Colleague: 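There's a structure below that I have some questions on.
Within every chain, numbering begins at 1; the chains are lettered A, B, ... in the order of the sequence lines, protein sequences first and strands thereafter. Being a predicted model, the structure only gives us computed values, none of them experimental.
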Amino acid sequence: MDRFTISIFAFITVLLIFPLSVIGQNNTSSPYSKFGVGDLASIGYGRNLALGGTGIALRDPYHINLKNPASLTTVDSMNFLFETGVNLLNTTSSTFDYDENYWDGNFTHLVLAHRYSNRVMSSLGVMPYSNIGYRLRTLKSLEGEDSFVLTDWVGTGGINKIFYSLGFKVSDKFSLGTEFAYYYGPVIENRKTWAQVQTENPTYYNSSSNYNGVSVKAAFQYYTPIGDKGTNLIIGGYFTPGHKLWGESKVLIQQQYGTAILDTIYFKKERARSIYVPLSYGAGLGLTLKGKYLLTADYEMSFWDAVNSENTYKNQSVYSLGFEVLPQDDLNYFKRCAYRFGLHYDSGYIQSKGYNIDDIRLSIGVGLPVLRSASMMNLTLEAGQRGTLNSGLIRERYMKMTVAFSFQDFWFIPRKLN
Amino acid sequence: MKLHHIVFYLSALVFVSCEFDESSYRYNLGADFINDPTRVIMIDTLTVNTYTTLSDSVVTSRGKKLIAGRFENALGVVTYCESYFRLDPIKYFSLHETAVFDSACLILYPNGYNFGDTTKTCELAIHELTEDITVEEETGYIFNVKQFAHEPNPIARFEVSLEEKDDLDDNNAVDSIQIRLSDDYGRLFYDMVFNEDTLLEEKDNFIHIFKGFVIKPANNNNSFITGFNAVADSIYTPKIRVFYHDYSPNDELYFDYLLEDFENYSGRDFAIGSLYANTYLSTYIVNDYSNSKFRDIQAGEMKLPSSLTDNVTMIQGGVGLKTRIEIPGIDELYSLGTGSIIQAVLYFEPLKGTYEEESDLPTGFEMYLVDSKNRSYGQLYTIEETSPATAVLNFNNEFKDRTTYSFDITHFFRDEYMAKGDPLYSLEMVYPISKMGYNIDQLIIGNQEHPEHEMRLKLYLTNYQN
């Protein structure tokens, strides 16, 4: 088998395992993941994440840059890239009088990049598009009597994304990219409602929807050296038209009586209310200084206000900044590492009680080369805050550690000496 | 690096990404920005129509007590009852030739059952029957409507005094009532034994002569109904005791004609067993409604609306007075949308002045599913179907007027709601069937329109707007 075949096998294996690993795990713990399709996952990992999430104007032959498919054209003629990662998230959710802390972990992405020709490169990957994980208890008054009704909410699931990207090298300085993505995954909400006056007879509402959808993305990158050797400028941009996720919902309502009786009150399979993922675009600027430092900045915009009329969704602006001390070809191991810093501000697309649920985070990261190879392990630590304590809303403070691995193609070359 | 290394690595990855935390609900988070679409509603405005209905008849034989008396309730309904029993002949008992008859008496043991105005009198009489006690051929039972003829003159008369009984209760002794029989009558029972009469050898022959006895109110002044033990083969069994003396110095000589012990009788038709004990012990129970608003009531299909009876209904053992409950508007609940019944509880109150203390209020009422002609289609069970649903008495010691009964009819409501369409059944609340024929306890309850004792149906349901 050639290495391409092997890698396709590996990829298919992961595809089969991936949905299982998504279902039944807590990949996020945020009440805000109740909205829309859930918490949108990061697009970039590895290097991008540590650089504040920037990547529209990043070109790197040793990392797959998921934010801009046009950057694929840097994949070296000999290289075959493979990237994956996991993360660990600690969140403290607070209201004005209450805190809770929890841990979540998740698989982040799995991507292969492959070169067809000098001008055409591709990547194939799977990653979470959104994560859903919330457990809430709400209290409301019982109509007609002075007592209360409680509801426990459990949301799970999330949308996964399989994508295939192509990069075209139009010239040495200009590349185009496109990404075709297929979305699939469940959005599950279970509710248990009971009245204080009769706790033994709760009602269950279970909604399970499986969504599917496709999207396309167009991108470009322009690269030009300026001035001294090693100083250059990159400009990038992407555009994604809005698209819909559609699917089928199963709604099951059951009434329990005591311990033994469970009546099905309602069961229906129906077309799920489609979820609109809005038009978005992004632009980025990258500046490499004398081959030693990198400065990068992205701006992205998503037009969520077209999503619905309930005023819950607002247009989302994302600003990211990154700074990197580039690895040097040196005998000193530490000089061969990359040191990264980033700042990320996301205005959020959910509005609740007049407040945008925004998100600001700082990131630091280090890229550790694996000895005697071009492979790299990327560690990123992010610290951030989302939401607000105002008006009874929730503020989340989190720390997230991500470990991503970029493997070069030596992985797929059998060792002849064995 | 080979393929299996890759597979190993990927498997590890999946494990790493598995759950770190399956923690509790974030109870205090989120309530402010999520709107729960599930409504839980309490409705107490559904119409509940009640009626008093009456059973054709109630089995009163095979019980364990004799009840007799008469009383008039606050609504003018007069309950009358008399009980019938038989005695067994004495077998294998012989007297010394020197034996001499002294006296005879009837001994009864009150069992503490009293219903009515116990501050007044209860004078009872015992007569010998002139008619054989017979069971209904088909069922082997005797019903409350069956009356047996008796001699016009009583063999004994006595007054039940409850004060005396209380004293004895304090001494933890069992009260007994001994009623002296006339010597002429008592001597009949003595002579049969002394002469070793052949009547005693064959029970059928004995019963042919001594057909049985009735214990009944001696007059119409009785204000309550009282009960006596009637368990065969017990020291507290009713009996005729004959005292005598002979040459021996023992001055406490006697023999007893005991309550018929069916288990010892391997007679014609009946198997031996406690199930058939007291087959011929029965009670005639009848209500006189003529001076009450219930005067038009008839047994069977008739439904007497509570609106015609001063907004009350009656439930009573013995005669089988029942309260029929119709809830016509269940289907209207569909207009609220998809939903489910969480709980349905009926609350009703006993009429003020019809009880003094908690023990005056009967408990354990059962509910039966009935059709439009009062025919029963089975008992209502709790929603979990583990036990029959019964009424719960919430006696309010402080404010007796606030005493209520509650009856959980969730099961009925759920079934009717789920059935969608015409109402399947109505409900009939009855005195507990197992005790029905042996008690004349009654309860008078208000209906939904009663000014002081309003019946209420509290219904909790969920509702989804979808």
Side-chain angles (χ1 to χ4, degrees), chain A residues 6 9-10 13-14 17 20-21 24-26 29 31 34 84 86 88 93 95 98 100 102-107 134-140 142-145 149 151-153 191 193 195 197-198 201 203 205 251 253 255 257-261 263 265-266 352-353 391-394 411 414-415, chain B residues 1-3 5-7 9-45 338-343 345 382-386 408 410-411 414-415 417-418 458-464 466:
Chain A
I6 291 172
F9 268 123
T13 309
V14 172
I17 298 169
L20 297 176
S21 69
Q25 75 166 308
N26 256 11
S29 293
K34 175 167 168 42
T84 187
V86 291
L88 182 61
S93 288
T95 58
Y98 189 76
E100 282 193 45
Y102 25 91
W103 292 88
D104 299 288
N106 201 16
F107 162 83
Y134 55 91
R135 285 169 168 252
L136 302 166
R137 176 170 288 181
T138 55
L139 188 74
K140 64 192 254 184
L142 197 152
E143 294 172 43
E145 195 178 69
V149 180
T151 299
D152 280 348
W153 306 63
R191 299 203 302 263
T193 300
V197 293
Q198 177 44 289
N201 296 354
T203 313
Y205 175 96
V251 174
I253 302 175
Q255 174 67 46
Y257 297 101
T259 54
I261 310 291
D263 284 346
I265 302 299
Y266 180 87
S352 189
K353 298 193 172 175
S391 291
L393 294 172
I394 295 162
W411 262 67
R415 286 190 190 171
Chain B
M1 202 62 75
K2 294 188 178 145
L3 184 60
H5 289 120
I6 298 167
V7 173
Y9 176 75
L10 292 174
S11 312
L13 192 76
V14 170
F15 279 113
V16 167
S17 64
C18 275
E19 249 163 285
F20 286 87
D21 181 18
E22 183 56 58
S23 69
S24 60
Y25 288 89
R26 281 87 211 218
Y27 291 138
N28 294 347
L29 299 180
D32 285 322
F33 66 86
I34 298 178
N35 181 31
D36 185 354
T38 311
R39 295 165 69 205
V40 178
I41 309 164
M42 194 283 286
I43 295 177
D44 59 0
T45 51
T338 303
S340 54
I341 303 297
I342 296 175
Q343 192 182 40
V345 181
T382 60
I383 188 87
E384 293 200 73
E385 296 181 359
T386 47
D408 189 321
T410 310
H411 195 173
R414 176 270 220 140
D415 288 355
Y417 184 78
M418 298 271 282
K458 273 177 99 170
L459 174 66
Y460 295 90
L461 52 94
T462 54
N463 176 242
Y464 293 89
N466 59 348

Colleague: What part of B:Ile43 is in contact with chain A, defined as an atom under 4.5 angstrom from a non-hydrogen atom: side chain, backbone, both or neither?
Modeller: neither

Colleague: With sequence neighbours excluded, tell me which residues meet salt bridge (Lys or Arg N to Asp or Glu O under 4.0 Å) with B:Asp408.
Modeller: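 Here no residue qualifies.
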
Colleague: Would you please name every residue forming a salt bridge (Lys or Arg N to Asp or Glu O under 4.0 Å) with A:Glu143, sequence neighbours left out?
Modeller: B:Arg39

Colleague: Pick from B:Asp36, B:Thr462, B:Ile41: which one has the most heavy-atom pairs with chain A under 4.5 Å?
Modeller: B:Asp36

Colleague: So that I can tick it off, tell me whether B:Asp44 and B:Lys458 are bridged by a salt bridge, with the cut-off set at under 4.0 angstrom between side-chain N and carboxylate O.
Modeller: no

Colleague: Measuring centre to centre across the rings, with the benzene-like ring taken for any Trp, is A:Tyr205 within less than 6.0 Å of B:Tyr464?
Modeller: yes

Colleague: Chain A heavy atoms under 4.5 Å from B:Thr382: which part of the residue, side chain, backbone, both or neither?
Modeller: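 Interface part for B:Thr382: neither.
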
